[in-house]
Amino acid sequence: MNAPESPSAPAHFIRTRIARDLEDGLHTQVVTRFPPEPNGFLHIGHAKSIVLNFAMPTEFGGYTNLRFDDTNPAREEQRFIDSIKEDVAWLGYDWKNECYAPDYFETLYEYALHLIDHGLAYVDEQDADTIRAQRGTLTDAGVNSPFRDRPVAENRDLFQRMRAGGFADGAMVLRARIDMAAPNINLRDPVLYRIRREHHHRTGNDWCIYPSYDFAHGQSDAIEHITHSLCTLEFEDHRPLYDWLIEHLPVPSRPVQIEFSRLNIDFTVMSKRRLTRLVEEGHVSGWDDPRLPTIAGLRRRGFTPEAIRAFCTEIGVTKSESVIPFSELERHLREDLNVRAPRRMAVLRPLKLVLTNFPDAETEWLEAPNHPQNPDLGLRRVPMTREIFIERDDFMEQAPKKFFRLKPGGEVRLRNAFIIRCDEVIKNGDGEVIELRCSMDPETRSGQPGADRKVKGTIHWVSAEHAERAQVRLYDRLFGVPHPGGDRAVDFIEHLNDQSLEILADARLEPGLGEARPGQFFQFERMGYFVPDPDGRPGAPVFNRAVTLRDTWARLEKQLRG
RNA sequence: UGGGACGUCGCCAAGUUGGUUAAGGCACGGGGUUUUGAUCCCCGCAUUCGCAGGUUCGAGUCCUGCCGUCCCAGCCA
């Protein structure tokens, strides 16, 4: 069962086109494919493509294949195949067939012979540099290869011997015979097959010739009866070649290629080349580093499939290039988690607070709703004791007038408890505040008649005796500039934000949170949405902050400071 | 000095075959509710569609010219 697209799905040109094709009777169902090359992990840009490719058949009837487009033996690995399958499934999609381009190598070889027999392909014995030089430039036409008019029989013989392993790597290639003067460079006799003696993760050493992307992709689409082959804009120039091959080959169906713009997000990088560098050079902890826009990274960070899908749907599908703010992704996570994340209290940077009129050595269990708007999530009991921790940031000795939290002599409500007054500030020798002494107003205890007394602020807290210690990891954008790859003169690595990870070693959590496991999510009230990280162990929990709450105060405070 | 594509509010993005006042979301501003400065709820937010002409009773939608941005010269995908 595939995840439904959100009901607010806007109209877009691909949906319109498919609807029209169906109306025109071109197809009775829509068949798409998601065709990753297994040489890296999937990222949020792939998610956009995945959502599109799965949503169309779900909406109109039909199905989607997962096809590993691995025609280049040099760079593909099984672990990437495994991660891709895991990520697509996690996003909520079931593919109909799991396909591999190499499964079509035999058919593709026959197709190549077909082209040769019809005088549409030839074996070129020139080296790569010569072929490149002959290709011409953007403004000048190319020149014909001296091997271009080789007789069919000779081409056939040579190509068969290429396959049989009769020639060295790079000794010759098979080229389509189209037009060396074509304004579209892709049509200037593109290479269809090259010789590569490398072990392929799928076909082993069965082949020493491998088809190029252009020769493999469209034909694979046709073999799978793909009706709409959806890809990104950079393949627009390849469409004439895609169509040419489909037209001249005895393929079982005639797919069409439709291009849309790829997803860009600010303050991050999305190209596989750059992501690979970040991982291999150790700038991040791995493909699933929570700061990465990879699906695995986002998952570990705390993103939900629902939020990612909603994001991908809402940004739309067009042909215009756009850059979406990372904050837009975060907003969708908040929107999703706000309605379903259980609330908890956790103090990230603890400050000791003593309730001077609270009975010593006594524990009072207070009721706290798990969700302020949704009573179905139930209640829990949280322990209150004489000594508690509050957030350091919730106390200011020299507070500006709009500061609604604790200050000397001031009052504040303890969430789910009662109102307290700050009577005394205790400092150490360095003048650092190390403890607050406060008195509570018992009349204002939650559920009591006096509980409706209003104070400006409410802060969270945790019983010192009962709190669980945890490590909490806070994440910021990986790069310090909106377009890290934008300036080719500067290595994007230079733009890394060295503050992108902050580790808080001594956070204190409401009891029970230590047992939480990856896959669960919580709102730590007033602090954001947090998820357990797989690095955590029993007795030593680790939480990731997926995203903060909207923070109007932080904005106001910034303005006040100018 | 080639070819392909794109240009509607700060960011996305709808705009049927040209037809009255240019959807929606986000952001932003204002107000209300609130034991999360969260959530939620109201209200506001493009006389204008890259620019300049033209056709027309009427153009974001048609025509012409210009400007800007992106992609293409891998035996990568």
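This one's a predicted model, so the numbers in the text were calculated from it and none came from an experiment.
When distances are taken from the side chain of A/Thr139 to each of B/rA73, B/rU1, B/rC26, the shortest belongs to B/rU1. Picking from B/rG29, B/rG25, B/rU36 the nucleotide with the shortest atom distance to the side chain of A/Glu314 gives B/rG25. Distance from the side chain of A/Gln559 is smallest for B/rG29 among the nucleotides B/rG29, B/rA13, B/rG37.
Note on A/Arg344: nothing from the nucleic acid sits closer than 4.0 angstrom, heavy atoms only. Using a 4.0 Å heavy-atom distance criterion, A/Phe403 is classed as a base contact. Within the nucleic acid shown, A/Thr318 comes within 4.0 Å of sugar-phosphate atoms alone, with no base atom in reach, counting heavy atoms only. Counting any heavy atom pair closer than 4.0 Å across all strands shown, A/Gln373 reaches a base atom. As judged by a 4.0 angstrom heavy-atom cut-off over every strand, A/Gln523 is placed among the base-contacting residues. Contacts of A/Asp237 with the nucleic acid, taken as non-hydrogen atoms under 4.0 Å apart, include base atoms. A/His460 comes within contact range of no nucleotide atom at all, as no heavy-atom separation falls under 4.0 Å. Using a 4.0 Å heavy-atom distance criterion, A/Arg135 is classed as a sugar-phosphate-only contact. Residue A/Thr137 is classed as a base contact, given a heavy-atom separation below 4.0 Å to a base. Among the heavy atoms of the strands lying under 4.0 Å from A/Gln126 is at least one base atom, whether or not backbone atoms are also near.
With ring centers used as reference points, A/Phe530 lies under 6.0 Å from A/Phe524. Note: A/Phe235 and A/Tyr213 meet the aromatic proximity criterion, with ring centroids under 6.0 Å apart.
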Distances under 3.5 Å between protein N/O atoms and the N/O atoms of nucleotides 66-69 of chain B, please, pair by pair.
none

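Toward the 5′ end of RNA chain B lies the nearest nucleotide of A/Leu138, the other residue of the pair A/Ser327 and A/Leu138 mapping further downstream. The residue among A/Val323 and A/Thr16 whose nearest nucleotide of RNA chain B lies closer to the 5′ end is A/Val323.
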Exercise. How does RNA chain B read in dot-bracket, base by base from 5' to 3', with Watson-Crick or G-U pairs under 3.5 Å and | used when the partner is on another strand?
Worked result: .((((((..(((......[....))).(((((.......))))).....(((((..]....))))))))))).....

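Put simply, the side chain of A/Lys456 never gets that close to the backbone of A/Phe403: no donor and acceptor are under 3.5 Å apart.
A salt bridge is defined here as a Lys NZ or Arg NE, NH1 or NH2 lying under 4.0 Å from an Asp or Glu carboxylate O, and A/Glu236 with A/Lys319 meets this definition.
In this structure, A/Gln257 CD and A/Asp221 CG are separated by 8.5 Å, a value rounded to the nearest 0.5 Å.
With both ends at atom P, the span from B/rA77 to B/rU69 equals 31 Å, rounded to whole Å.
Residues passing the ring pair (Phe, Tyr, Trp, His ring centres under 6.0 Å) test with A/His371: none are found, sequence neighbours excluded.
A/Arg343 contributes a side-chain N or O that forms a donor-acceptor pair with the base of B/rU36 under 3.5 Å.
Spacing between atom CD1 of A/Ile315 and atom C1' of B/rA13 amounts to 11 Å, rounded to whole angstrom units.
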